[in-house]
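These notes concern the structure reproduced below.
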Amino acid sequence: MSIEDLVRLAEELSRIDGEAYWRCAVSRGYYAAFHACLEVSPNHIRNARANLHEKLISWMREGRESDDETKLQIAEVGLELDQLRKKRAQADYRLREPVHRTDSMLCVKKSAKIIDVIKSLDSGLI
C-alpha cells in the first residue's frame, strides 16, 4: 500500500455522509502524512520501538531555531503533523466530541500539503 492510496481513501471517506466516515478520513489522512514524514527521518527515528509518533515530531521540530531553510520547513511540517495527530486522537478516541465533514476535509487537505512539502524537499539535505 502506498501513501497515495491512504490519501485517496481519506479523500473518499471525507466525501461520504456520516461521522464515522469523517473520523476515518481524519485518521487515514494523519497516517498518510505520518508515513511520508517517517520516510525522510533518520534511522534512529524509524527504528524506534516506543513513542515513535512523539519522537518523529520532536525530531522534526528541532530545526525551528535554525537558519537552514530545509530544517525550518521540516519544523513547520512537524508542527502541522502534531496538529493532525491531535485531531486523529480526537477522531479515534473521543467519540463524544463531534467530528464534522469540514474537520475531515481540512485534515485531508493538510495531510496532502504535508506530503507535497516532504516530497519537494531534497532528501540529501535532511
Side-chain angles (χ1 to χ4, degrees):
M1 174 182 287
S2 72
I3 290 168
E4 289 77 18
D5 291 334
L6 286 173
V7 172
R8 265 192 303 278
L9 177 59
E11 289 169 347
E12 290 173 19
L13 291 167
S14 71
R15 289 191 294 265
I16 299 173
D17 282 334
E19 188 175 357
Y21 296 105
W22 305 331
R23 287 176 180 275
C24 290
V26 170
S27 184
R28 295 307 90 195
Y30 166 74
Y31 278 108
F34 167 79
H35 284 289
C37 293
L38 195 60
E39 285 184 358
V40 299
S41 70
N43 285 336
H44 75 277
I45 300 293
R46 277 182 269 155
N47 296 330
R49 296 280 183 225
N51 303 317
L52 178 58
H53 298 255
E54 292 84 5
K55 287 178 181 176
L56 175 63
I57 290 167
S58 178
W59 168 77
M60 294 178 79
R61 300 209 45 218
E62 284 175 4
R64 65 182 176 262
E65 301 297 324
S66 175
D67 291 334
D68 180 288
E69 185 64 32
T70 300
K71 287 182 180 180
L72 288 171
Q73 283 183 298
I74 291 171
E76 184 177 329
V77 168
L79 176 64
E80 292 178 358
L81 185 65
D82 194 32
Q83 292 169 351
L84 277 180
R85 184 176 62 98
K86 290 172 184 169
K87 284 290 192 183
R88 196 260 324 153
Q90 176 191 355
D92 286 349
Y93 302 121
R94 296 193 292 277
L95 299 182
R96 292 183 183 188
E97 295 177 20
V99 172
H100 304 283
R101 172 178 274 151
T102 54
D103 297 326
S104 70
M105 294 175 93
L106 289 171
C107 286
V108 170
K109 284 183 185 206
K110 186 176 280 199
S111 298
K113 179 184 170 195
I114 287 171
I115 293 164
D116 287 344
V117 170
I118 290 296
K119 284 181 180 179
S120 74
L121 294 175
D122 181 357
S123 62
L125 297 175
I126 299 174

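We're numbering straight along the sequence, starting at 1.
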Same cluster (ILVMFWY, side-chain, under 4.5 Å), Val99 and Val108: no
Identified side chain to side chain contact (heavy atoms under 4.5 Å, CB included) partner of Lys87 from the options Ser104, Cys107, Ser27: Cys107
Nearest heavy-atom neighbours spanning His35 and Ile3: C-CD1, 3.8 Å
Ile45 vs Leu52, side-chain contact (heavy atoms from CB on, under 4.5 Å): CA-CA, chis, key distance, verdict: CA-CA 7 Å; Ile45 300 293; Leu52 178 58; 4.2 Å; yes
Salt-bridge present (Asp116, Lys119; N to O < 4.0 Å): no
Value rounded to 0.5 Å, distance of CG in Leu6 from CD in Glu11: 11.0 Å
Backbone of Lys55 reached by a side-chain donor or acceptor of Ser58 within 3.5 Å: no
Donor-acceptor contact below 3.5 Å, side chain Asp103 vs main chain His100: yes
Donor-acceptor contact below 3.5 Å, side chain Asp68 vs main chain Lys71: yes
Spatial distance of atom CG (Leu79) from atom CG (Leu84) [nearest 0.5 Å]: 10.0 Å
Mutual orientation of the aromatic rings belonging to His53 and Tyr31 [parallel < 30°, tilted 30-60°, perpendicular > 60°]: perpendicular
Electrostatic pair Glu80-Arg85, nearest N-O below 4.0 angstrom: no
Ile115 versus Ala36, closest heavy-atom pair with distance: CG1-CB, 3.8 Å
Under 3.5 Å donor-acceptor, Trp22 side chain and Ile16 backbone: yes
Check: Gly18 main-chain N/O paired with Arg101 side-chain donor or acceptor under 3.5 Å: no
Separation between CZ of Arg28 and CZ of Arg88, rounded to the nearest 0.5 Å: 8.5 Å
Considering all heavy atoms, the nearest Ile57-Gly78 contact: CG2-O, 3.8 Å
Exercise: identify the closest heavy-atom pair between Ser41 and Arg46: O-NH2, 2.6 Å
Any Glu39 side-chain heavy atom under 4.5 Å of Ile118 side chain: no
Full working for side-chain contact (heavy atoms from CB on, under 4.5 Å) between Ile74 and Trp59: CA-CA 9 Å; Ile74 291 171; Trp59 168 77; 4.3 Å; yes
Ser14 (side chain) donor-acceptor with Met105 (main chain) under 3.5 angstrom: no
Ala32 versus Val7, closest heavy-atom pair with distance: CB-CG2, 3.6 Å
hydrophobic_cluster_shared for Val117 and Tyr30, side chain cutoff 4.5 Å: yes
Heavy-atom side-chain proximity of Ile114 to Lys110 below 4.5 angstrom: yes
Worked verdict on Tyr21 versus Arg15 for side-chain contact (heavy atoms from CB on, under 4.5 Å): CA-CA 8 Å; Tyr21 296 105; Arg15 289 191 294 265; over 6 Å; no
Worked check of side-chain contact (heavy atoms from CB on, under 4.5 Å) between Leu121 and Val40: CA-CA 9 Å; Leu121 294 175; Val40 299; 5.7 Å; no
Nearest non-hydrogen partners of Cys37 and Met60, listed with the distance: SG-CE, 3.5 Å
Sidechain N-carboxylate O distance under 4.0 Å for Arg23, Glu19: yes
Approximate separation, where rounding is to 0.5 Å, of Gln83 CD and Leu106 CG: 11.5 Å
Exam field: side chain Glu62 to backbone Ala75, donor-acceptor pair closer than 3.5 Å: no
